[in-house]
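In what follows, a structure is listed as structure tokens, so that the remarks can point back to it.
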Amino acid sequence: MQELINIFVKSVFIDNMVFAYFLGMCSYLAVSRTVNTSVGLGAAVIFVLGITVPINYLLENFVLGRGALSWLGPQFAGVDLSFLTFIMFIATIAAMVQLVEMIIEKASPTLYNSLGIFLPLIAVNCAILGGSLFMQERNFANLAEATSFGLGSGTGFFLAIIGIAAIREKIRYSNVPAPLRGLGITFILTGLMGIAFMSFMGIEL
Amino acid sequence: MSETTNNNTQKEPLFSKKNQKLLSNPLNKDNPITVQVLGICSVLAITVQMKTSLVMAISVVAVMGSANLIISLLRKGIPPRIRIIVQLTVIAALVILVDQILKAFVYDVSRQLSVFVGLIITNCIIMGRLEAFALNNKPWPSFLDGIGNAAGYAWVLLAVGFFRELLGSGSLFGYQVIPNAFYDFGYENNGFMILPPMALITVGVIIWVHRSRERDLVDIS
């Protein structure tokens, strides 16, 4: 249990998707104009990462990796399908996003309306594919750890996008040099936030 | 009248004015990174050294040119409802090729790029251009558009890589350029430039310079 909490905290703060790896930057910059929309996108990212990372973990360990197919019989033990990783992961993500969209639409129309257009857009958010690829690189011991990593990464993205949205709402009242307005100042702010998040670096959990 | 215009379009030279624009616009006024804000993730993550930046830039040019060409050739056969999955599959297949080639020929760079080669798939620049251009245009202009946008992406990538490696490690492409005499006088490499946040600030400054030269790009809101 403690291990799971460690992985969660580590992926929220130390290995933050946005500030440490710059994943999901496109939607992070495009959707962070107001706090309300960014809460919607952040929640959707947590949700989708929490589902796709464990599914891709199962795929990786039972279909794609070297010898992962050995449960089919001894003659499959030497099969290595890892070159198919990208195509399988992105297919899973696109399919899961579609599925999640349909389920939410049926089960909870209010949540569906509040997430709105963000759900389908998430399929091409680099943070989602990045989450799965990092999961593959880090060799988690079991499914629970992978899930915890997925949820943690999503939460990290959630915190980051809400933070920048709040700052951008306030900065409208400041006198920023004209060429720096909009995109430029957002980059520099993100850099400063990244420096703040670096204070978590080196914490051993 | 219609016949003459038809003739004109058929005899349009390969590098007509319009096609040149497709190549040159994304380098400056319509730059994918500083103006369209697409494909930021990789710009920031792999620009610590010029070498990784260059390999990444070449990979993106290759993937983007061929993806635009293929989607443009297929554009009449793709049902609109499933176009995103078709596009992702085409891109993913091309990226797998690039990944295998990198692993075979420049293994150490491929290790350094780690997951970011795979992330070319979700690089919004590629999806964005496929959606915006390749789906409604002929193969040759689409190909040029892909190459142009990838080149616009590449120069920002190389510029960020140049400053980060020069100021952060005092070298370019791994060769030391700052003479030892400087270090004897107490010059220090700015270790801060190697850290992730400085990539963001470097891009921010590039945008600042770019927009102060091109006044009509300034964000009025």
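So you know, we letter chains A, B, ... as the sequences are listed, proteins then strands, and number each from 1. Every value quoted in this text rests on a predicted model; they were computed, and no experiment measured them. In what follows, every heavy atom counts, from backbone to side chain, and hydrogens, waters and symmetry copies are set aside.
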Less than 4.5 Å to any heavy atom of chain B: does that hold for the side chain of A/Met193, its backbone, both, or neither?
neither
So, for B/Ile201 and A/Gly191, which heavy atoms are closest and what is the spacing to 0.1 Å?
CG1-CA, 4.0 Å
I need the B/Leu88 CG to A/Ile87 CD1 distance, nearest 0.5 Å.
10.0 Å
Sorted by first residue and then second, give each salt bridge (charged side-chain N to carboxylate O under 4.0 Å, His left out) pair with at least one member in residues 39-55 of chain B; sequence neighbours left out.
B/Lys51-B/Asp108
If you compare all heavy atoms of A/Phe187 against all heavy atoms of B/Gly204, which two are closest, and at what distance to 0.1 Å?
CB-CA, 3.8 Å
Could you work out, with side chain to side chain contact (heavy atoms under 4.5 Å, CB included) as the rule, every residue matching B/Phe162, not counting sequence neighbours?
B/Met50, B/Leu166, B/Leu172
Less than 4.5 Å to any heavy atom of chain B: does that hold for the side chain of A/Leu29, its backbone, both, or neither?
side chain
Contact list for residues 87-96 of chain B, test salt bridge (charged side-chain N to carboxylate O under 4.0 Å, His left out), sequence neighbours left out
none
Chain B contacts: which residues in residues 144-155 of chain A have a non-hydrogen atom closer than 4.5 Å to it?
none
Any chance CZ of A/Phe200 has more than 12 other-residue heavy atoms, nucleotides or ligands included, within less than 6.0 Å?
yes
